[in-house]
A.B. asks: 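Structure in structure tokens, see below.
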Amino acid sequence: VQLQASGGGLVQTGGSLRLSCAASGGIFDNLVMGWFRQAPGKEREFVSAISWSGKSTYYIDSVKGRFTISRDNANNTTSLQMNNLKPEDTAVYYCAADWSWPATVVAARAMRWDYWGQGTQVTVSS
């Protein structure tokens, strides 16, 4: 499975960006999709995940109400709509995929995701 992330950029505080991740080489409907981010000098952190059908989602507390994850199984893509962006959202964002749906957010953070895309930089200026 290959993942290609896109959509990053520079935005002012309060602005919006939409990240996309295109998957190829696997049966997309069978993949759980996730987004992670890594800020300078910090460890990579889980941000959000969406189940195979899209009916279940997870978010970390700091992005709840601002970020929305979605997927389009017909086009093998997943997206992360990011609104009301804050400087602390500045990071390299990565999409990831796995065959298993984690039972909790804690599990999503801890599990070893099978596939990773290259990162896309998101910079939020204050």
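Bear in mind that the values here come from a model prediction, so they are computed numbers and not experimental data.
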A.B. asks: Strictly by disulfide bond (SG atoms under 2.5 Å apart), give each pair with a member in residues 33-80 just once, sequence neighbours left out.
C.D. replies: none
A.B. asks: Taking salt bridge (Lys or Arg N to Asp or Glu O under 4.0 Å) as the test, write out the residues that go with D89, two or more places apart.
C.D. replies: R37, R66
A.B. asks: Test your reading of the model: is there a side-chain donor-acceptor pair from T78 to the backbone of S70, 3.5 Å cut-off?
C.D. replies: yes
A.B. asks: Restricting to side-chain hydrogen bond (donor to acceptor under 3.5 Å, both in side chains), what partner residues turn up for N75, sequence neighbours left out?
C.D. replies: D72
A.B. asks: Just grab all the side-chain hydrogen bond (donor to acceptor under 3.5 Å, both in side chains) pairs involving residues 5-18, residues at least two apart or on different chains.
C.D. replies: S16-N83, R18-Q81
A.B. asks: If the condition is side-chain hydrogen bond (donor to acceptor under 3.5 Å, both in side chains), which residues does Y59 pass it with, not counting sequence neighbours?
C.D. replies: none
A.B. asks: Mind checking side-chain contact (heavy atoms from CB on, under 4.5 Å) for S24 and listing every partner two or more places apart, or none if nothing turns up?
C.D. replies: Q2
A.B. asks: Which pairs count as salt bridge (charged side-chain N to carboxylate O under 4.0 Å, His left out) when at least one residue sits in residues 50-63, sequence neighbours excluded?
C.D. replies: D61-K64
A.B. asks: T123: which residues meet the side-chain hydrogen bond (donor to acceptor under 3.5 Å, both in side chains) condition with it, sequence neighbours left out?
C.D. replies: Q121
A.B. asks: Surrounding CD1 of I27 (heavy atoms of other residues, nucleotides or ligands, distance under 6.0 Å), is the total greater than 12?
C.D. replies: no
A.B. asks: Pick one: which of L31, V32, D29 meets side-chain contact (heavy atoms from CB on, under 4.5 Å) with W52?
C.D. replies: V32
A.B. asks: Less than 4.5 Å apart, any side-chain heavy atom of M82 and any of L19?
C.D. replies: yes
A.B. asks: Would you list the pairs meeting disulfide bond (SG atoms under 2.5 Å apart) in which at least one residue belongs to residues 22-91, sequence neighbours left out?
C.D. replies: none
A.B. asks: Do V92 and T120 touch side chain to side chain, with heavy atoms closer than 4.5 Å?
C.D. replies: no
A.B. asks: Just how far is it from atom CG of N73 to atom CE of M33, taken to the nearest 0.5 Å?
C.D. replies: 10.0 Å
A.B. asks: What donor-acceptor contacts under 3.5 angstrom involve side-chain atoms of residues 94-101, with partners at least two apart or in another chain?
C.D. replies:
| residue | atom | partner | partner atom | Å |
| --- | --- | --- | --- | --- |
| D98 | OD1 | S100 | N | 2.8 |
| D98 | OD2 | D114 | N | 3.1 |
| W99 | NE1 | Y115 | OH | 3.4 |

A.B. asks: Tell me, please, which residues at least two apart from K86 pass salt bridge (Lys or Arg N to Asp or Glu O under 4.0 Å).
C.D. replies: none
A.B. asks: Provide the full list of ring pair (Phe, Tyr, Trp, His ring centres under 6.0 Å) pairs with a residue in residues 15-45, sequence neighbours left out, each pair given once.
C.D. replies: F36-F46, F36-W113, F36-W116
